[in-house]
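As structure tokens, the structure follows; a few thoughts come after it.
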Amino acid sequence: MAEIRPPIALAASILDADLGNLANAVRRVERAGADRVHLDVMDGHFVPNLTFGARTIRALRPRTRLPFDAHLMIANPGQYVAEFIAAGCDSITVHVEIDEPIEPTLRAIHRAGRRAGLALKPGTSLDMLAAYRGLFEIVLVMTVEPGFGGQSFMSDAAGKIAAVRELPGLPDQLEIQVDGGINDRTARTVGELGVDVLIVGSALFRPGRPMAPELNRIRAAGEAGRVG
Ligand code: DX5
Ligand code: ZN
């Protein structure tokens, strides 16, 4: 019997929103039909940029009913994970390339009843996931170098999307997210590769362009890719 998979989900990254009015940004993406809010946390060490932290996320939590996915591009998530849990994140994804032990952080996320994810930079091998089998249910495949919105999609890195599902010992309900350069063209490519969640930033926040039609086009392109 063919596997039944839920429809492709769209997570709106607010990195390229008006940072002076984030409450409006999360309401806008909800109204436009996004399924989740994707929150890019950067520390200026793991990536050469700074964004916001758990306090900002906590302040945004009551402003929308959408689930919150935190993408921690930080060198030491172990020190802060409790704060992101308390801020109301539904899932928390950390990078597999960091130097500190990752397992305690993944366990802390699970103890709090949230979903845990591992993110891979474009050049990082899927072999890095093996050590954490059983400790995560999300893999986030980056198709740009982390740090900034608005970069071009790296198709070589996207190849990992199809390869993840072939890895032994991963959960049946594994969710594969793609992050970086997703628009109404690249969504089709990653849909074909079997992605579950499209993370979309700058393509949604284009000045003067209504968000809902853009979001619908991207989602439709992803679904079209999935069915072939
Ligand atoms: C980049 C972030 C992304 C970014 C995506 O480091 O992780 O989530 O906001 O933005 P676009 O869609 O413009 O590549
Ligand atoms: Zn991200």
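Read the numbers this way: they start at 1 and go in the same order the structure lists the ligands and their atoms. As the structure is a computational prediction, the values presented were derived from the model and not from experiment.
Electrostatic pairing of R114 and D69 does not count as a salt bridge here, judged by no charged N lying under 4.0 Å from a carboxylate O. Look at E30 and R27 and you find no salt bridge, because none of the NZ, NE, NH1 or NH2 atoms lies under 4.0 Å from a carboxylate O.
The heavy-atom pair separating I57 from C89 by the smallest distance is CG2-SG, 3.9 Å. Counting all heavy atoms, side chain and backbone alike, D16 lies closest to F205 at O-CB, 3.4 Å.
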List, for ligand 1, each N/O atom that has a protein N/O partner under 3.5 Å away, with both atom names and the distance.
unit_1   : atom_1 : unit_2 : atom_2 : d
ligand 1 : 6 (O)  : G147   : N      : 2.8
ligand 1 : 7 (O)  : D40    : OD1    : 3.0
ligand 1 : 7 (O)  : H71    : ND1    : 3.3
ligand 1 : 7 (O)  : D179   : OD2    : 2.8
ligand 1 : 8 (O)  : H38    : NE2    : 3.4
ligand 1 : 8 (O)  : D40    : OD1    : 3.1
ligand 1 : 8 (O)  : D40    : OD2    : 2.9
ligand 1 : 8 (O)  : D179   : OD1    : 2.7
ligand 1 : 8 (O)  : D179   : OD2    : 3.0
ligand 1 : 9 (O)  : S13    : OG     : 2.8
ligand 1 : 9 (O)  : D40    : OD2    : 3.1
ligand 1 : 12 (O) : G201   : N      : 2.8
ligand 1 : 13 (O) : G150   : N      : 2.7
ligand 1 : 13 (O) : S202   : N      : 3.0
ligand 1 : 13 (O) : S202   : OG     : 2.5
ligand 1 : 14 (O) : G181   : N      : 2.8

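Among residues two or more places apart in sequence or in another chain, the salt bridge (Lys or Arg N to Asp or Glu O under 4.0 Å) test is passed with R188 by E192.
The Zn ion (ligand 2) sits nearest to atom OD1 when only the N, O or S atoms of D40 are considered.
With the Zn ion (ligand 2) as the vertex, atom ND1 of H71 and atom OD2 of D179 span an angle of 90° (nearest 10 degrees).
Side-chain atoms of E97 never come within 3.5 Å of backbone atoms of T124 as a donor-acceptor pair (strictly under, hydrogens ignored).
For the side chain to side chain contact (heavy atoms under 4.5 Å, CB included) test with R36, the passing option among V197, L66, I199, L10 is V197; the others fail.
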